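Each remark here refers to the structure printed beneath this line.
Bear in mind that the values here come from a model prediction, so they are computed numbers and not experimental data.
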Amino acid sequence: DPIALETVMKLAGSEYVHEILPVGSRGIKREIEDLEQLYGIRIEIKENIRVKLDTSSGSTSAILLMVQKERLNSLIANIGEEFEVIGEVM
């Protein structure tokens, strides 16, 4: 199921969410590459993740978030949507 608009709005208003990026037909891997290029960073992908990085996400049925690591548990407790931590900024 696509992420709820209310959830995206809540995340957008959070002081510890630095970036919200919709994932569309190009897939998660391409969106991560865009983030790396935009910010001059490297994102290390975790092993054994459930999502497929090269698969199309259709019409924005998923989003990528850049969140302060220290605040991740708080976000997880309050998001109310299915999620998966797939990587970390190095």
Side-chain angles (χ1 to χ4, degrees):
D1 292 335
I3 190 163
L5 178 59
E6 295 81 15
T7 301
V8 176
M9 297 302 289
K10 182 177 178 182
L11 291 168
S14 170
E15 64 188 43
Y16 53 90
V17 174
H18 296 289
E19 187 75 52
I20 300 175
L21 188 66
V23 178
S25 61
R26 298 182 330 139
I28 294 171
K29 184 176 181 181
R30 292 286 303 274
E31 302 300 348
I32 289 173
E33 291 168 355
D34 286 351
L35 284 173
E36 290 176 322
Q37 184 175 3
L38 178 65
Y39 290 107
I41 59 175
R42 186 175 70 79
I43 298 173
E44 184 174 299
I45 305 300
K46 295 180 175 274
E47 294 183 22
N48 302 318
I49 57 175
R50 296 181 313 229
V51 298
K52 292 181 173 44
L53 298 180
D54 294 320
T55 302
S56 169
S57 290
S59 57
T60 312
S61 58
I63 58 174
L64 290 176
L65 300 174
M66 289 181 66
V67 179
Q68 294 173 0
K69 188 175 183 177
E70 311 78 52
R71 303 300 295 265
L72 185 59
N73 288 335
S74 176
L75 176 75
I76 290 168
N78 294 308
I79 195 168
E81 298 271 354
E82 183 179 346
F83 69 93
E84 182 174 10
V85 176
I86 61 172
E88 182 175 353
V89 176
M90 303 311 289

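Counting heavy-atom neighbours within 6.0 Å of M9 CE, excluding the residue itself, gives a total of 12 or less.
Applying the salt bridge (charged side-chain N to carboxylate O under 4.0 Å, His left out) criterion to K46, with sequence neighbours excluded, gives no partner residue.
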query = Taking it one step at a time, do V89 and H18 satisfy side chain to side chain contact (heavy atoms under 4.5 Å, CB included)?
reply = CA-CA 12 Å; V89 176; H18 296 289; over 6 Å; no

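The shortest side-chain heavy-atom distance between L11 and V67 does not fall under the 4.5 Å cut-off.
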Side chains of residues 31-40: which donor-acceptor pairs under 3.5 Å do they make with residues two or more places apart or in other chains?
| unit_1 | atom_1 | unit_2 | atom_2 | d |
| --- | --- | --- | --- | --- |
| E31 | OE1 | R26 | NH2 | 3.4 |
| D34 | OD2 | R26 | NH2 | 2.1 |
| E36 | OE2 | I43 | N | 2.8 |
| Y39 | OH | E19 | OE1 | 2.1 |

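Considering CD of E88 and CZ of R42, their distance stands at 10.0 Å, rounded to 0.5 Å.
In plain terms, the two heavy atoms of I20 and V8 that are nearest each other are CD1-O, 4.0 Å. Residues E84 and R50 approach most closely at OE2-N, 2.6 Å, considering heavy atoms.
Screening K69, Q68, E70 against Y16 for a side chain to side chain contact (heavy atoms under 4.5 Å, CB included) leaves a single residue, Q68.
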